[in-house]
Amino acid sequence: EILFPVEDEILKEKVIHILELELEEVQGRLERLIEASKRGTETADSLQRIERAIQAHKQRATELKGMIEKAQGGESLTA
């Protein structure tokens, strides 16, 4: 858990930046997973794993967006 507001604005900016970087990475992986699911070359088992990964990445992206909004608003963060 990261508690906000923090007295150090530089630290707050760094935390937000790290969260934004993680969000970019998650969104990039999500895009690649969606592309893989549309190729039509995967086995049924692989498609099921890809679909589970897509759902997990969507959930993580939503969590990260919420954390970024909370941090920008000065609220406490929990992952």
Side-chain angles (χ1 to χ4, degrees):
E1 181 173 1
I2 303 169
L3 300 178
F4 283 93
V6 291
E7 306 266 333
D8 187 344
E9 278 297 314
I10 294 172
L11 176 60
K12 178 181 175 180
E13 289 175 17
K14 286 181 181 181
V15 170
I16 291 170
H17 180 69
I18 290 168
L19 292 171
E20 290 171 339
L21 289 175
E22 184 177 350
L23 177 59
E24 287 177 22
E25 291 174 6
V26 168
Q27 289 174 327
R29 288 191 303 269
L30 176 59
E31 289 174 18
R32 289 190 297 279
L33 286 164
I34 291 171
E35 289 172 12
S37 73
K38 293 179 181 178
R39 271 189 233 135
T41 59
E42 305 296 330
T43 64
D45 184 52
S46 291
L47 281 175
Q48 288 177 343
R49 286 195 309 271
I50 290 169
E51 286 302 318
R52 285 192 301 270
I54 287 171
Q55 292 308 312
H57 280 72
K58 285 181 179 180
Q59 180 179 350
R60 183 62 182 155
T62 299
E63 290 171 357
L64 287 166
K65 288 175 187 176
M67 291 173 71
I68 291 167
E69 288 177 15
K70 283 183 176 182
Q72 290 171 334
E75 298 178 40
S76 294
L77 301 182
T78 54

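Values below: all heavy atoms of this structure, side chains included; hydrogens, waters and symmetry mates excluded.
- If you take NE2 on H17 and CD1 on I68, they are separated by 11.0 Å, rounding to the nearest 0.5 Å.
- Every residue was checked against the side-chain hydrogen bond (donor to acceptor under 3.5 Å, both in side chains) condition with E20, not counting sequence neighbours, and none meets it.
- Here the CD atom belonging to E63 is positioned 11.5 Å from the CG atom belonging to L23, to the nearest 0.5 angstrom.
- Under the salt bridge (charged side-chain N to carboxylate O under 4.0 Å, His left out) criterion, the residue pairs touching residues 43-57 are D45-R49, with sequence neighbours excluded.
- Counting side-chain heavy-atom gaps under 4.5 Å among Ile, Leu, Val, Met, Phe, Trp and Tyr, the cluster of L30 also holds L33, I34, I50, I54.
- Applying the salt bridge (charged side-chain N to carboxylate O under 4.0 Å, His left out) test to E22 and every residue at least two apart in sequence or in another chain returns R60.
- If you chain together hydrophobic residues whose side chains sit under 4.5 Å apart, L21 and L11 never meet in one group.
- For residues 27-42, the side-chain hydrogen bond (donor to acceptor under 3.5 Å, both in side chains) pairs, not counting sequence neighbours, are R29-H57.
- Note that the CD1 atom of I16 and the CD atom of E9 stand 8.0 Å from one another [nearest 0.5 Å].
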